[in-house]
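The basis for the numbers below is simple: all heavy atoms, side chains too, and nothing from hydrogens, waters or symmetry mates. Just so it is clear, the model here is predicted, and its values are computed rather than measured.
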Amino acid sequence: MTTPLVEMDGDEMTRILWQMIKDELLLPYIDLKTEYYDLGLAHRNETNDQVTLDSAEATKKYGVAVKCATITPNAARVKEYDLKEMWKSPNGTIRAALDGTVFRAPILIKGIMPYVHNWSKPITIARHAYGDVYKNVEIKVPGAGRAELVFTGADGEEIRETIHEFQGPGIIQGIHNTDKSITSFAKACFNYALDTKQDLWFATKDTISKKYDHNFKDIFQEIYDTQYKKKFEAAGIEYFYTLIDDAVARVIRSEGGFIWACKNYDGDVMSDMVATAYGDLSMMTSVLVSPSGVYEYEAAHGTVQRHYYKYLKGEETSTNSIATIFAWTGALRKRGELDGIAELTAFADKLERACIKTVEDGRMTKSLSLISTCRNPVILNSLEFIQAIRATFDAL
Ligand code: NAP
Ligand code: MG
């Protein structure tokens with residue numbers, strides 16, 4: 001390696017897996033270079049969360065990061081870790097700093113059948129992570145009256161629309177988005193489609209929402225036509241816009257193998273639907289991509305708290321490390337591509353093949369054995385599974 005990866009360590013069971021992965025699967029094979037940031041909750045608390053901001057800045061500087069799952073504090077965690085404050089979600093902080101879009105894709109393995117039988121390739125969901133109903137303003141209307149939508153320009157000019165003349169109680173909601181955020185989202189999607197050579201689908205309800213959703217459609221189309229059309233044609237991939245209800249029907253009938261860009265709410269709902277339909281949350285990868293082409297790789301699952309408490313009690317755990325290993329291989333492959341180190345890219349590819357082959361050969365963790373069609377799976381504990389992957393890797 002020539003350029004270091006930004007390494008963001010995390011919490012609980014995934015922190016334990018993190019070290020095992022480094023010791024068993026990375027350090028013996030590659031000259032691993034990282035710039036280490038400890039995003040474990042204790043250290044975030046010590047640094048008043050400065051370490052999270054520093055790790056995001058380092059990611060902008062170097063271009064590629066790999067992140068372990070981290071605790072997002074709630075009231076119980078404030079007590080458990082004696083926190084000075086209920087620190088914000090590190091993922092939210094990093095996403096805001098990088099202005100990034102999250103792409104989630106399942107890892108497909110023979111023997112773990114998607115519920116939708118024709119899905120033979122992964123579907124990657126790209127969720128817009130800003131605005132709409134997630135930044136809403138709501139009023140519970142107490143009784144009769146007029147609800148209005150008012151915009152007051154910086155120059156004092158007003159635009160006013162009647163929402164509804166209420167005859168009795170009801171509800172209203174105000175939502176917004178910005179052209180800047182939609183533009184970043186669109187660029188991240190087009191770049192990622194080119195990067196992974198997959199078609200890009202985008203869908204909204206522009207026939208009903210003739211200004212709001214239409215604005216999303218228009219921004220995507222304008223950016224595509226002026227900046228990406230030629231590149232897409234050269235790469236042999238396609239940008240495809242349709243209505244959200246039509247998209248849902250087509251997704252189910254498809255064989256997969258494309259990126260599905262979703263507005264914030266659609267992405268929230270559809271990513272859980274797609275993840276579940278592919279089989280297992282512990283087999284979902286996640287990558288945050290900024291419009292300027294900075295990448296942060298991680299697993300989609302959390303810190304697997306329940307397993308960690310068993311681990312602390314000295315009990316055996318069988319936690320699946322595949323998504324975390326794929327975070328590392330994703331980052332190493334990207335580093336290899338950017339720095340022109342073919343050996344590093346080849347290493348990442350081979351380690352991924354070793355993960356898949358280990359499970360396909362019938363050696364897996366408990367949760368995978370429950371959904372696998374493999375007849376007599378050998379159920380391994382957390383460390384044994386990583387060691388089994390190492391043995392497969394050595395034999396490849
Ligand atoms: P979780 O860590 O995703 O785990 C939920 C359950 O899913 C586990 O109890 C386990 O089920 C199963 N599971 C998830 N990953 C697994 C794996 N790799 N191998 C085997 N089983 C797995 O979610 P959580 O327990 O709700 O959240 C724990 C912490 O993670 C929270 O503090 C939350 O803030 C944080 N979190 C972080 C991120 C992130 O950093 N990206 C994302 C989500 C959540 P069984 O117990 O039934 O075996
Ligand atoms: Mg959700």
Side-chain angles (χ1 to χ4, degrees), residues 3 5-10 35 37 39 44 49 51-70 72 87-105 124-132 134-135 177-196 198 200 202 216 219-220 223-224 227-228 259-268 270-271 274-275 284-302 323-324 326-335 337-338:
T3 317
L5 283 179
V6 177
E7 175 184 356
M8 303 172 176
D9 206 346
E35 192 165 292
Y37 292 85
L39 266 55
R44 273 183 276 151
D49 210 23
V51 65
T52 307
L53 295 169
D54 291 347
S55 72
E57 284 311 311
T59 305
K60 284 189 202 164
K61 177 175 164 197
Y62 292 113
V64 187
V66 57
K67 181 180 170 292
C68 179
T70 46
T72 297
W87 305 110
K88 285 196 204 138
S89 150
N91 288 55
T93 303
I94 296 165
R95 197 164 59 215
L98 301 182
D99 189 17
T101 297
V102 173
F103 296 84
R104 282 185 163 194
T124 303
I125 297 253
R127 175 182 170 188
H128 185 208
Y130 177 81
D132 301 350
Y134 300 87
K135 288 245 182 237
N177 224 299
T178 65
D179 287 4
K180 180 170 181 280
S181 176
I182 300 167
T183 300
S184 292
F185 174 51
K187 284 187 181 169
C189 290
F190 288 127
N191 285 338
Y192 197 67
L194 283 171
D195 220 37
T196 58
Q198 297 184 89
L200 176 68
F202 182 47
F216 279 82
I219 288 177
F220 266 72
I223 292 174
Y224 177 69
Q227 298 174 41
Y228 290 94
I259 299 163
W260 185 9
C262 293
K263 285 179 63 198
N264 209 348
Y265 174 81
D266 297 337
D268 186 351
M270 292 308 163
S271 65
V274 169
M284 277 301 238
T285 63
S286 183
V287 55
L288 177 75
V289 183
S290 84
S292 61
V294 163
Y295 296 76
E296 181 243 301
Y297 293 84
E298 65 177 321
H301 62 75
T324 305
F326 272 62
W328 277 101
T329 51
L332 291 168
R333 180 187 299 108
K334 178 55 73 182
R335 203 60 275 166
E337 283 168 15
L338 293 175

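Taking the ring axis of Tyr297 as reference, the NZ or CZ atom of Lys334 does not stay both within 45° of it and closer than 6.0 Å to the ring centre.
When the options Ser292, Ser290, Ser184 are evaluated for a side chain to side chain donor-acceptor pair (under 3.5 Å) with Asp99, the one that passes is Ser184. Only one option out of Arg127, Arg95, Glu296 pairs with Val102 in a side-chain contact (heavy atoms from CB on, under 4.5 Å); it is Arg95.
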Subject >> side-chain contact (heavy atoms from CB on, under 4.5 Å) assessment of Tyr295 paired with Thr59 >> reply: CA-CA 8 Å; Tyr295 296 76; Thr59 305; over 6 Å; no
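Between Gln198 and Trp260 there is no side-chain heavy-atom pair separated by less than 4.5 Å. Inter-residue side-chain proximity for Met8 and Ile94 is flagged as met; some heavy-atom pair is nearer than 4.5 Å. Residues Ile182 and Tyr130 fail the side-chain proximity criterion, which asks for heavy atoms closer than 4.5 Å. In this structure, the side chains of Thr93 and Trp87 stay at 4.5 Å or more apart for every pair of heavy atoms. Residues Phe185 and Phe202 meet the side-chain proximity criterion, which asks for heavy atoms closer than 4.5 Å.
When all heavy atoms of Ala97 and Lys60 are compared, the pair lying nearest together is O-CE, 3.1 Å. The minimum heavy-atom distance between Ala331 and Val66, with the atom names listed, is CB-CB, 3.9 Å. Heavy-atom minimum distance, Asn264 versus Gly131: ND2-O, 3.1 Å. Ala299 approaches Ala323 most closely through the heavy-atom pair CB-CB, 3.5 Å. When all heavy atoms of Ala126 and Thr101 are compared, the pair lying nearest together is CB-CG2, 4.2 Å. Scanning all heavy atoms of the two residues, the minimum distance from Leu39 to Pro90 falls at CD2-CB, 4.5 Å.
A distance of 5.0 Å separates CZ of Arg44 from OG1 of Thr70, quoted to the nearest 0.5 Å. Atoms CZ and CZ, from Phe326 and Arg333 in turn, are 8.0 Å apart once rounded to the nearest 0.5 Å. With rounding to the nearest 0.5 Å, the separation of CG in Leu338 from OH in Tyr62 is 14.5 Å. Rounded to the nearest 0.5 angstrom, Thr124 OG1 and Tyr192 OH are separated by 6.0 Å. In this structure, NZ in Lys263 is found 8.0 Å from CG in Asn177, a value given to the nearest 0.5 Å. With rounding to the nearest 0.5 Å, the separation of OG in Ser271 from CZ in Phe103 is 13.0 Å.
Shown here is Lys187, whose NZ atom has no more than 12 heavy atoms of other residues, nucleotides or ligands within 6.0 Å. Atom OH of Tyr265 has 12 or fewer heavy atoms from other residues, nucleotides or ligands within 6.0 Å.
Side-chain N or O atoms of Arg104 include none that pairs as donor or acceptor with a backbone N or O of Thr285 at under 3.5 Å. Distance alone, capped at 3.5 Å, places no donor-acceptor pair between the Asp9 side chain and the Cys68 backbone.
Aromatic pair Phe190/Phe220: ring centres closer than 6.0 Å.
Classification of the Phe216-His128 ring pair by plane angle, with boundaries at 30° and 60°, yields perpendicular.
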